[in-house]
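Below is one structure, written out as structure tokens; comments come after it.
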Amino acid sequence: MIKGIKGVKDLLPEETPRWRLIEEAARRWAGRYGFHEIRIPIFEVTTLFARSIGASTDIVEKEMYTFQDRDGTSLTLRPEGTAGTVRSYIEHNRAAIPVPQKYFYFGPMFRHERPQAGRLRQFHQFGVESIGMADPRADVEVIALLWRILSDLNLPNLTLEINNLGYSADRDTYRPHLVTYLKQHESGLCANCQHRIEVNPLRVLDCKVPECRVITETAPRLGDSLSEAARSYFTQVSAALDVIKIPYSLNHRLVRGLDYYNLTTFEVTATNLGAQNAVGAGGRYDGLVETLGGPPTPAVGFAVGLERMLMLLPDSSVGKGLEDVAVYVAGFGSHGPVAGLTALEELRLAGIHAVSDFRSANLKAHLRQADRLACRFTLIIGDDEVVKGSAILRDMETKVQYDVNLATLSPQIQSLLPTS
RNA sequence: GUGGGUGUAGCUCAGCUGGUUAGAGCGCCGGAUUGUGGAUCCGGAGGUCGCGGGUUCGAAACCCGUCAUCCACCCCA
């Protein structure tokens, strides 16, 4: 038997209604906030991701699905959506368009990681990118959109945390202070963090190892090294969040794993997700467009993991599945099957949800299938009915049966169906 | 990449310190009801015990390997 790939899942018909619920909520709210859908390729030239996400990040170093095109070009299955969106923005010179460029996207992302709860190799994200506005209200708009979607879906026990990463110059002045401090306490840090001191010292701040946390609790804070401009920007962001009543808390340890973030960063976590507790996260990335060869352009965005939202979605959110009132057509005997097929087609052309199980050869089997398919009505057409030019419409709940004329089938049935 | 748990019927799982025909519940099929579903009763089908090797008179059970899966580390959405 050929099986699917590790960490890559099929979404069977039983689960797609839950997905659609989430997708529709995201789409609806994105529209209200003035974001428009963009659809970008699933694979890109490898250098795009290396340059945007950061060559020394885990994603680029060891998690990308990279392969050679026939001409030798290195291509990569996208591990996230921002890089491709920004590439598209630059390539199509969207900067020339005089209205704010606000995009949203849906789609699969690929990272070669060991699967576990809330983590797959092919997973799905919804993301937004607000490109061109260097205004705290743009940050707040994006955060608010994220929060509204999650709230609308009634996802429980969510926490929104925000932090100020400052400008890159701020981090340059802060980094030596942090490194000096960390080196003084190096022996108390975990092996991983000892390595991080050299590679990416800021990441030591959000290490989960308790010993590391004790040490970093009293470490110099980035907040104390921030420039006046960065402080003022962040103050405006948090003040605006207060104004529109988005609940958040400050987390000075919040350091994103992708290199392109600056100023505002944020993350929504859930308590009931297992180890992978981040539902959605994002931040401002003012340098990225320029890094990728475009004009200096401020931008802010986020991405949420659809699988993680799905894990949190209350069961009560999704109905039984078959909301449409359906008519089951039971054609049997020697002439019933053909008459039934005619009836099926006529009902469907009239806009009625009509089904049949062609395996069923007698009325009993048909009725059992009608029951299993949760059809409200069954249209019974056996040889007797064909001779009379009529059929029996049985209400499966009340067991009341009506005679209907085959010549005027759909209008009669239409009038008997409950108006919805 | 590292560690731990679990692989027995379509599904959820039992199966005692190895013992002879491998079980249950649910589901499925048929009958009671030769043209009327859901309930009930009766009957039935369905398993290379993940795979390979080893120990043993004898292995679903013990050992080794391997694969799959889940969880955790790591990392992130």
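Chain naming here is simple, since letters A, B, ... match the order of the sequence lines and numbering starts at 1 in each. Here the structure is a predicted model, which means the values were calculated and not measured.
- Panel note: side chain A:Arg376, backbone A:Val327; no donor-acceptor pair is recorded below 3.5 Å.
- In the model, A:Asn164 has no side-chain atom that pairs as donor or acceptor with a side-chain atom of A:Thr264 under 3.5 Å.
- By the criterion of a centre-to-centre distance under 5.5 Å and near-parallel planes under 30°, the ring of A:Phe332 forms no stack with the base of B:G35.
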Q | Nucleic acid footprint by protein, nucleotides 38-46 of chain B - heavy-atom cut-off 4.0 Å, B for base, S for sugar-phosphate alone | A | B--------
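- Residue contacts for A:Asp384: at a heavy-atom cut-off of 4.0 Å it reaches a base atom on one of the strands shown.
- With hydrogens and angles ignored, the 3.5 Å screen pairs no side-chain donor or acceptor of A:Glu307 with any backbone N or O of A:Leu120.
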Grab the N/O contacts between the protein and nucleotides 1-12 of chain B below 3.5 Å, and write none if there aren't any.
unit_1 : atom_1 : unit_2   : atom_2 : d
B:U2   : O4     : A:Arg114 : NH1    : 2.4

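- Checked against side chain to side chain donor-acceptor pair (under 3.5 Å), A:Glu346 has the following partners two or more places apart in sequence or in another chain: A:Ser410.
- Contacts of A:Gln369 with the nucleic acid, taken as non-hydrogen atoms under 4.0 Å apart, are absent.
- Within the nucleic acid shown, A:Glu385 comes within 4.0 Å of at least one base atom, counting heavy atoms only.
- As rounded to whole Å, 7 Å separates atom P of B:C71 from atom CD of A:Gln116.
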Q: List the steps and the verdict of salt bridge (Lys or Arg N to Asp or Glu O under 4.0 Å) for A:Arg28 and A:Asp152.
A: CA-CA 10 Å; A:Arg28 185 165 63 244; A:Asp152 187 21; 2.9 Å; yes
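- Residues satisfying the side chain to side chain donor-acceptor pair (under 3.5 Å) test with A:Asn157, not counting sequence neighbours, are none.
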Q | Candidate pair A:Leu344 and A:Leu379, rule side chain to side chain contact (heavy atoms under 4.5 Å, CB included), full reasoning | A | CA-CA 9 Å; A:Leu344 271 174; A:Leu379 186 69; over 6 Å; no
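- Taking only side-chain atoms of A:Arg372, from C-beta outward, the nucleotide of B:C28, B:A77, B:C73 with the closest atom is B:C28.
- The nearest heavy atom of RNA chain B to A:Leu273 and to A:Gly280 marks one nucleotide each, and the one closer to the 5' end goes with A:Leu273.
- The structure places OG1 of A:Thr378 at 8.5 Å from CG of A:Leu363, a figure rounded to the nearest 0.5 Å.
- Nucleic acid contact class of A:Ala303 (heavy atoms, under 4.0 Å, all strands): sugar-phosphate only.
- Residue A:Leu306 is classed as having no contact, given no heavy-atom separation below 4.0 Å to the nucleic acid.
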Table please: side-chain donor-acceptor pairs of residues 18-27 of chain A below 3.5 Å, with sequence neighbours left out.
unit_1  : atom_1 : unit_2   : atom_2 : d
A:Arg18 : NH1    : A:Asp315 : OD1    : 3.4
A:Arg18 : NH2    : A:Leu310 : O      : 3.0
A:Arg18 : NH2    : A:Leu313 : O      : 3.2
A:Arg27 : NH1    : A:Glu37  : OE1    : 2.8

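- Along RNA chain B, the nucleotide nearest to A:Lys9 and the one nearest to A:Leu120 differ in position, and the one closer to the 5' end is contacted by A:Lys9.
- In this structure, the side chain of A:Glu385 engages the main chain of A:Gly382 through a donor-acceptor pair within 3.5 Å.
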Q) What pattern of brackets, bars and dots sums up RNA chain B from 5' to 3', given Watson-Crick or G-U wobble pairs under 3.5 Å, [ ] for crossing pairs and | for another strand? A) (((((((..((((.....[...)))).(((((.......))))).....(((((..]....))))))))))))....
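- Rounded to whole Å, the C1' atom of B:G50 lies 10 Å from the corresponding atom of B:U69.
- Contacts of A:Gly274 with the nucleic acid, taken as non-hydrogen atoms under 4.0 Å apart, involve only primed sugar atoms and P, OP1 or OP2.
- With hydrogens and angles ignored, no donor-acceptor pair closer than 3.5 Å exists between the side chain of A:Glu267 and the base of B:C76.
- On the P atoms, B:A9 is 15 Å away from B:A61, given to the nearest whole Å.
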